Amino acid sequence: MTNSPSSRLQTLPGNYFSEFTKRADQLRIKGVDIIHLDIGSPDMPPPQPVLEMLSTSAAKVNHHGYQPHRWTPAYREGWANLYKKTYEVSLDPDKNVVPLIGSKEGIFHLLQAMLDSDDIVIVPNPGYITYTRGTQIAGGKIYEKNLTQTNHYQMVFSDIPSAIAQRTKILWLNYPNNPTGATVNQEFFEESIKFGLENDVLICHDAAYTQVAYGDYIPPSILEIPGAIDTAIEFNTLSKSHNMAGWRTAAALGNPTALNALFQLKSHVDSAHFLPIIDAAVTAMQTDQIWIKARNRIYEERRDILLTGLKDIGLEADTPLAGLYVWCSVPENWESEQFAYELLENTGVSVTPGTVFGTNGEGFIRISLTAAVERIKEALDRINDWIIYGNSFLNRR
Ligand SMILES: Cc1ncc(COP(=O)(O)O)c(C=O)c1O
């Protein structure tokens, strides 16, 4: 068929979220009050000056045309300054920063820019699925590295066979981790950089959740490690850090050679972003960042209420020190997808089955903290009623 999709595309499974969302939507249309604790889309807005800059910039008649592929100098400097202030890492805005229309876009395109057929990419299982899908579309080979509860979901480099390491081009890391909530310290990143330098592997650290942290824990950046610039890039985004998921403003930072390849590919794909969004993103990076602490305390309160409620119901979960998710075991004798499905059908609470992130997600669901305390309490009440008393919320209506 002339209009059939490529065989590479046809081998990819459908997007779980769209299928599951369809069912949640059907229930919603029937009048069910669905509580979404599934995707990690922040439910709070960015600070007021960001919104004001968007409209001020949009009101200018000459702000509506194409922008340079490297966006504005202020946007790149914004990221470099943020890294200087937060991690004392010095980055050249012209060599070490590539603007992205969301880090998902950058993750996908980096793989297209770097891989030849059969190059190996090491991806965490469980992990953010774009590392895998981007590799499959690029024609690379996946080597799955299991993340286990025993190892606190940290990648163990010494377990990677040297024959694999030698043929590997890219290795993906993501801490604070989606979906497990696992975190790491600087020593872990030192080991990662050592692995990269010794095996000539590009270490790609996805730092989407580094600004969402609880208590005294400060998530490190991989770029803090000496030698990182020679073997690593970090993907960062305003999506979670600044409540700007819909704005699509992110950056890849670090190794100039890999960033050049990414930039070159992107110059064939997109034409930068809308200037008012770029300007507002600069404001987000420049304004006093103190509000982030208060915002994180809101997530922390939600986390604590959720963890206490789950424990009372008899569901086990570790306490994440950062990120937007609680990784929770499903009750005995249940499979993840079956449990998430029945949970939706019986309580109207939508969570994500762990298997969406890989086979090692079996036995878990991921619960997102992106809903208000009252909604989380309501979700816990419904789950309690169903699991402890066998009452279906939907039958009660
Ligand atoms: C681990 C991880 N990386 C990247 C992204 C994508 O972020 P962005 O909104 O910058 O595309 C997400 C979004 O949920 C994520 O969980």
Side-chain angles (χ1 to χ4, degrees), residues 15-18 20-21 36-46 71 75 78-79 82 97-111 121 123-135 145 147 153-155 170-184 203-213 219 221-222 233-253 262 266 269-270 273 277-278 280-281 284-285 299 320 322-327 351-354 356-358 361 364 366-371:
N15 184 318
Y16 175 84
F17 281 110
S18 38
F20 204 67
T21 312
H36 280 283
L37 304 179
D38 38 35
I39 60 169
S41 190
D43 59 315
M44 293 175 267
W71 301 19
Y75 184 82
W79 279 105
L82 211 62
V97 182
V98 168
L100 300 173
I101 308 169
S103 51
K104 182 175 186 176
E105 175 263 298
I107 290 165
F108 182 84
H109 282 135
L110 177 90
L111 290 158
V121 178
V123 302
N125 176 358
Y128 183 60
I129 212 66
T130 304
Y131 316 140
T132 298
R133 298 289 176 259
T135 304
K145 186 73 197 70
L147 304 186
Y153 299 106
Q154 295 185 359
M155 197 172 279
I170 291 174
L171 177 145
W172 286 99
L173 296 173
N174 163 226
Y175 296 100
N177 185 257
N178 174 17
T180 65
T183 46
V184 293
I203 308 292
C204 292
H205 178 234
D206 179 356
Y209 297 91
T210 39
Q211 299 297 315
V212 184
S221 157
I222 200 167
I233 57 176
E234 185 154 273
F235 289 85
N236 211 322
T237 172
L238 302 183
S239 289
K240 327 281 174 172
S241 61
H242 292 70
N243 301 343
M244 293 171 73
W247 295 59
R248 317 312 297 136
T249 43
L253 310 118
L262 172 60
K266 274 175 60 62
V269 176
D270 64 63
H273 212 331
I277 287 184
I278 299 174
M285 291 188 272
Y299 283 137
L324 286 180
Y325 312 107
V326 165
W327 187 236
V351 299
T352 309
V356 166
F357 306 96
F364 295 89
R366 190 195 73 173
I367 309 177
S368 163
L369 299 173
T370 53

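Counting convention: from 1, in listed order, for ligands and their atoms alike. Remember, it's a predicted structure, so these values are computed and weren't measured experimentally.
Scored by the side chain to side chain contact (heavy atoms under 4.5 Å, CB included) test, A182 finds Y153, Y175, N177, T180 as partners (sequence neighbours excluded). For K240, the salt bridge (charged side-chain N to carboxylate O under 4.0 Å, His left out) test picks out no residue, with sequence neighbours left out. For S239, the side-chain hydrogen bond (donor to acceptor under 3.5 Å, both in side chains) test picks out T237, with sequence neighbours left out.
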Distance dump, ligand 1 polar atoms to protein, N/O, under 3.5 Å:
| residue | atom | partner | partner atom | Å |
| --- | --- | --- | --- | --- |
| ligand 1 | 3 (N) | D206 | OD1 | 3.3 |
| ligand 1 | 3 (N) | D206 | OD2 | 2.5 |
| ligand 1 | 7 (O) | S103 | OG | 3.2 |
| ligand 1 | 9 (O) | S239 | OG | 2.6 |
| ligand 1 | 9 (O) | R248 | NH1 | 2.8 |
| ligand 1 | 10 (O) | S103 | N | 2.7 |
| ligand 1 | 10 (O) | S103 | OG | 2.7 |
| ligand 1 | 10 (O) | T237 | OG1 | 2.7 |
| ligand 1 | 10 (O) | S239 | OG | 3.4 |
| ligand 1 | 11 (O) | S103 | N | 3.1 |
| ligand 1 | 11 (O) | K104 | N | 2.9 |
| ligand 1 | 11 (O) | R248 | NH2 | 2.7 |
| ligand 1 | 14 (O) | Y209 | OH | 3.4 |
| ligand 1 | 14 (O) | K240 | NZ | 2.8 |
| ligand 1 | 16 (O) | N178 | ND2 | 2.7 |
| ligand 1 | 16 (O) | Y209 | OH | 2.6 |

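Residues V326 and P320 meet the side-chain proximity criterion, which asks for heavy atoms closer than 4.5 Å. In this structure, H273 and Y75 have side chains that are not in contact, with every pair of non-hydrogen atoms separated by 4.5 Å or more.
Here the rule is side chain to side chain donor-acceptor pair (under 3.5 Å) with D206, and of Y131, W172, Y128 only Y131 fits it.
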